[in-house]
Amino acid sequence: MATTKTSIAKTITKLYTCNSNSGSLSSLPNHLGSFRSSSLFSSSTSAASSVAESQSTVSSQASERERSRWSKWLLFLPGAITFGLGTWQIVRRQDKIKMLDYRRKRLEMEPLKFNSVSPSSEELDNLEFRRVLCKGHFDESRSIYVGPRSRSISGVTENGYYVITPLLPISDKAESSQPPILVNRGWVPRSWKDKSSELSQDDEQPSNITPTVVKEEERASWWRFWSKKPKVVEDHPPTRAPDEVVGVIRGSEKPSIFVPPNDPNSGQWFYVDVPAIARTCGLPEDTIYIEDIHEDVNPSNPYPLPKDGSTLIRSSVMPQDHLNYTLTWYSLSAAVTFMAFMRLRPKKIRR
């Protein structure tokens, strides 16, 4: 302030000296007026610029505070997401427990005679995982092999197939299954499919069947010998016992994105598609599909090996797995939330 006053005084002195030398003292008030007006203009301009700067500073600080508040909330977003995933695993665990308990109770029921079930029945969808008793004859010439499917035997993994064969009704027996059904008879080794393909090729070749001619000794005259016709006797196959199946009604499989599509023309089936398999076997698309879970296996002829009934009450992700996932997600949620609190905690300044 003192410096400003000193500069003003020097300016007035210079003006006074100049005017006195020129002999014109009357012009001094005019110079003083112009100086005062210029100083007032400069001061008002500086004040306006300072106000604008202060307003811009206030607005920038407000926007920074807004961004800081949203960034603080974003720090808690990972904790909220992991907490939601842990809660979702709890819900999945409860649903899985109910589903497995539902299957277990239905498998414990007495087998239902299948001849009393119609494929057009509205209750057919409710019969899934219900054991049924079926009788008929297997038409092995129309068997379908689905695979490859691996099976572990004494620690050794062997590839094979599931064999699905139509079970045809017996016309003269009322207890046989009506109408035909598809039966997943179980697992067979790869050699079964190779043998089946060889037999199918042999069946396509024509074969000559020679009837058996029975000669009878007759005491007849020689002129009646040429009039006697020989008797032709055809070989009849022996009576075959009906095939009995205790199975569970199932539906088509839902393949993953890594499973290739089926190719019925080349006989390659990678998953169970009931309508497509029924069409290939010459059956209606609404044919019922059953998985054999018969436990009485002949040791001398173990194949096809029926499915184990306990596998129907197991899942790829069991309830214990869902519990482990829950603990994992909740632990992650607690960890990231604690890190967010530590990040927002004000730091103490050491003096």
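Atom set for the values below is all heavy atoms of this structure, side chains included, hydrogens, waters and symmetry mates excluded.
- Contact detail for L75 and R343: the closest heavy-atom pair is CD1-CG, 3.9 Å.
- In this view, R106 and Y102 satisfy the side chain to side chain donor-acceptor pair (under 3.5 Å) rule, not counting sequence neighbours.
- Tested against R131 for a side-chain contact (heavy atoms from CB on, under 4.5 Å), the candidates I249, L112, V248 yield a single pass: V248.
- The minimum heavy-atom distance linking P304 with W192 is given by the pair CD-CH2, 3.9 Å.
- Side chains of D308 and T311: no donor on one and acceptor on the other come within 3.5 Å.
- The pair R130-E108 does not count as a salt bridge, with every side-chain nitrogen at least 4.0 angstrom from each carboxylate oxygen.
- In this view, N265 satisfies the side chain to side chain donor-acceptor pair (under 3.5 Å) rule with no residue, not counting sequence neighbours.
- The shortest side-chain heavy-atom distance between R103 and M99 falls under the 4.5 Å cut-off.
- Sorted by first and then second residue, the side chain to side chain donor-acceptor pair (under 3.5 Å) pairs involving residues 85-94 (not counting sequence neighbours) are T87-Y330, Q89-H322.
- In terms of the side chain to side chain donor-acceptor pair (under 3.5 Å) criterion, S150 has no residue partners (sequence neighbours excluded).
- L332 is connected to L85 through a chain of hydrophobic side-chain contacts under 4.5 Å among Ile, Leu, Val, Met, Phe, Trp and Tyr, so both are in one cluster.
- Using a 4.5 Å cut-off on side-chain heavy atoms (C-beta onward), K135 and V245 make no contact.
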Subject >> side chain to side chain contact (heavy atoms under 4.5 Å, CB included) between K254 and Y271, worked out >> reply: CA-CA 8 Å; K254 296 179 180 179; Y271 62 93; over 6 Å; no

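- Side-chain atoms of K307 never come within 3.5 Å of backbone atoms of E291 as a donor-acceptor pair (strictly under, hydrogens ignored).
- Nearest heavy atoms, L344 versus F76: CD1-CE1, 3.5 Å.
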Subject >> From CA spacing to verdict: side chain to side chain contact (heavy atoms under 4.5 Å, CB included), L100, M318 >> reply: CA-CA 9 Å; L100 296 179; M318 295 296 288; 3.8 Å; yes

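- For the pair K98 and D101, the salt-bridge criterion is not met [side-chain N within less than 4.0 Å of a carboxylate O].
- In terms of hydrophobic clustering, with Ile, Leu, Val, Met, Phe, Trp and Tyr side chains grouped at heavy-atom distances under 4.5 Å, V132 and I181 are assigned to a common cluster.
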**OP:** Start with the C-alpha gap between C134 and E244, add the side-chain angles, then the distance that decides, and say whether side chain to side chain contact (heavy atoms under 4.5 Å, CB included) holds.
**Re:** CA-CA 6 Å; C134 310; E244 184 174 324; over 6 Å; no

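- In terms of the side chain to side chain donor-acceptor pair (under 3.5 Å) criterion, residue partners of R279 (sequence neighbours excluded) are, by chain and number, E285.
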Distance-only donor-acceptor hits, side chain of residues 155-170, under 3.5 Å, sequence neighbours excluded:
| unit_1 | atom_1 | unit_2 | atom_2 | d |
| --- | --- | --- | --- | --- |
| Y161 | OH | R190 | NH1 | 3.2 |
| T165 | OG1 | S143 | OG | 2.9 |
| T165 | OG1 | R185 | NH1 | 3.2 |

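- A 4.5 Å side-chain heavy-atom check between T280 and W269 finds at least one atom pair inside the cut-off.
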Subject >> Derivation of the side chain to side chain contact (heavy atoms under 4.5 Å, CB included) call for L182 and I288 >> reply: CA-CA 6 Å; L182 292 173; I288 299 173; over 6 Å; no

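- Here the straight-line distance linking atom NZ of K113 with atom CG of L133 works out to 7.5 Å at 0.5 Å rounding.
- Using modelled atom types, one side-chain atom of T82 and one backbone atom of G79 make a donor-acceptor pair closer than 3.5 Å.
- Atoms OG and CG, on S310 and L107 in that order, are 10.0 Å from each other to the nearest 0.5 Å.
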